[in-house]
Amino acid sequence: MERATFSKYSWIDFAFSVIGVCTFLVDWGSDVWVATEFYCRGDVLWFGVLVGLMVLSSVVVQMFSWFWYQYDRKLPGFCSVQTGGVTVLFGDRVKLSCLLHVLQLGFLCRHISAIRQGFRVWWRKAEGSDYAVYLTHDLSMLRLIETFCESAPQLTLMIYVMLQTNKARTVQFVSIAASTTSIAWMVVDYHRSLRSFLPDKAKQGWCSSVIYFLWNLLLIAPRVAALALFASVLSGYIGVHFLMQWFVFVCWAWQQGTNFMDSPFGEWLYRATVGLIWYFSWFSVAEGRTRGRSIIYHSFITTDGGILLATWWCYRDPVQTESYALALLIALPFIYLLGLLLKTLYYCCFHPKLWRPPAREPGLSDDMPDAEVPFREFSFQDGALSSKQHNKRMACHAAHFYSRERSY
């Protein structure tokens, strides 16, 4: 059977890598700025929460990066430095890689490596296009994890602080803008990365990408706002609320039989991270019929959001919130329902599967379900005797996202 080819690395991929590292640095810089402001003003509690989110996010991302590096080292040809333009990330320098990850620099090194390899492929026309794409796939997943471990909780914290103080400082607006941009860019980047695993070589249309971006934004924003509103009146219970739902979500991920990592500890780390992501947004993690799971999730989140808003309305300060309370009570449920409508519209009218039938490899049946079509593969070496490998981590998520049943 002939193996399918990856989409070639282009200037757009290079631009996404550069913008990705710029977004990462700006987001990190804004975090430091906000933390400094909190500390200088004597807001030790908020300073501690913000720094805790930064540390937690960094540690989780570094752990995933390290696990994946350890897995990739076992692949044939990974540790060799290829002639012709491909220098594999860290190569066989295990101690150096370990040190960089301990110093919380592994994620940044992946960004730099992806930009370096992408520049050599795109600008110098060197070999190694497949490996450049491979690096961007891992980065898109790591950015997803970093976003929901730090940016989404931080966005909730910033809105909460604004509600508590009833005023907004410039640094808070900058932090909110940086977190929102990080979340929005992650959604687009992650979607593009998953799209490259489809056997159909057609690119994602701009209209489809915009609809996909909008429904994610319209579903995440009301969720974050509802959590911040609830925390503004019952701040002592937001932690209990998170822990209870996070535990339920982790158990649900375990019940679905996730199989993303290569070790039991790594898999439980992944499930714990999925539980955190589900606290803010839906994320398909297992094979099978996902429509039912999505309906269960959105029904639960809609009910929970209604309870959060009702609690805030009952315990709010009527005088302090008079100017915006009614508007928020009406707007947030409306925006969330609009997001659900756009999501349904996307899967009914704009999903890539609806545009054209997927291209099949020779010898495969025409009625073979999309979820069973082999994913594109590439090799770490260009020689005829090299082992063919594919990024099974992102291929796994592509299978879940583009499953045979639309994930309403």
Side-chain angles (χ1 to χ4, degrees), residues 30 33-35 37-50 52-53 148 150-181 183-184 214-246 248 276 278-281 297-342:
S30 68
W33 184 14
V34 174
E37 284 282 323
F38 283 158
Y39 183 80
C40 293
R41 289 169 50 194
D43 297 322
V44 180
L45 177 61
W46 295 342
F47 168 79
V49 172
L50 183 58
L53 291 174
F148 284 102
E150 179 184 352
S151 298
Q154 178 184 314
L155 183 58
T156 306
L157 175 64
M158 291 299 102
I159 298 175
Y160 162 78
V161 171
M162 292 173 62
L163 292 170
Q164 282 288 87
T165 60
N166 202 29
K167 60 182 180 180
R169 299 167 60 88
T170 301
V171 64
Q172 293 170 338
F173 278 118
V174 171
S175 178
I176 290 174
S179 297
T180 305
T181 302
I183 295 173
L214 285 177
W215 69 253
N216 275 278
L217 191 62
L218 294 177
L219 292 180
I220 294 174
R223 175 63 176 174
V224 170
L227 291 169
L229 290 171
F230 175 80
S232 68
V233 295
L234 293 176
S235 56
Y237 290 91
I238 188 64
V240 177
H241 179 268
F242 166 74
L243 289 176
M244 290 178 61
Q245 292 199 2
W246 174 78
V248 171
L276 177 58
W278 278 345
Y279 190 66
F280 295 99
S281 179
Y297 173 83
H298 286 298
S299 298
F300 176 81
I301 293 297
T302 301
T303 303
D304 181 64
I307 295 174
L308 293 176
L309 287 178
T311 304
W312 167 74
W313 180 266
C314 294
Y315 287 90
R316 69 188 174 87
D317 185 337
V319 177
Q320 188 178 20
T321 62
E322 181 180 6
S323 60
Y324 60 83
L326 184 59
L328 285 179
L329 189 65
I330 297 175
L332 292 182
F334 175 77
I335 292 173
Y336 193 84
L337 292 177
L338 180 60
L340 290 177
L341 179 62
L342 283 178

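Everything numeric in this text was worked out from a predicted model, so none of it was measured.
- A distance of 8.0 Å separates OH of Tyr237 from OH of Tyr315, quoted to the nearest 0.5 Å.
- Here OG1 of Thr302 is found 11.0 Å from CD1 of Ile307. Values are rounded to the nearest 0.5 Å.
- Pairing each heavy atom of Asn216 with each of Ser281, the nearest pair is OD1-OG, 4.3 Å.
- One distance of note links CD of Gln245 with CH2 of Trp278; it measures 12.5 Å at 0.5 Å rounding.
- Note that CG of Leu155 and CD1 of Ile220 are 10.0 Å apart. Values are rounded to the nearest 0.5 Å.
- Contact check for Leu227 versus Tyr160: no side-chain heavy atoms found under the 4.5 Å cut-off.
- Leu219 contributes atom CG, which lies 5.5 Å from atom OH of Tyr336 (distance to the nearest 0.5 angstrom).
- Leu309 places a side-chain heavy atom less than 4.5 Å from the side chain of Leu229.
- Here the shortest heavy-atom pairing between Leu217 and Pro222 reads O-CD, 4.2 Å.
- Under the rule for a ring-ring contact (aromatic ring centres under 6.0 Å, His included), the partners of Phe230 that lie at least two apart in sequence or sit in another chain are His241.
- Taking both residues in full, the closest heavy atoms of Ala226 and Leu332 are given as N-CD1, 4.4 Å, listed atom of the first, atom of the second, then distance.
- Side chain of Arg223 to backbone of Tyr279: a donor-acceptor contact under 3.5 angstrom is found.
- Counting heavy atoms from C-beta on, the side chains of Ile159 and Leu163 come closer than 4.5 Å.
- How far CE of Met162 is from CE of Met158: 10.0 Å, rounded to the nearest 0.5 Å.
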Return a table of donor-acceptor pairs under 3.5 angstrom between the side chains of residues 38-50 and protein atoms on other chains or two or more places apart.
residue: Arg41; atom: NH2; partner: Asp43; partner atom: OD2; Å: 3.4

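- Contact record, Phe280 with Thr156: CE2-OG1, 3.7 Å, taken as the closest heavy-atom pair.
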Run the side-chain donor-acceptor check on residues 319-329: report pairs under 3.5 Å with partners two or more places apart or on a different chain.
residue: Thr321; atom: OG1; partner: Arg316; partner atom: NH1; Å: 2.9
residue: Thr321; atom: OG1; partner: Asp317; partner atom: O; Å: 2.7

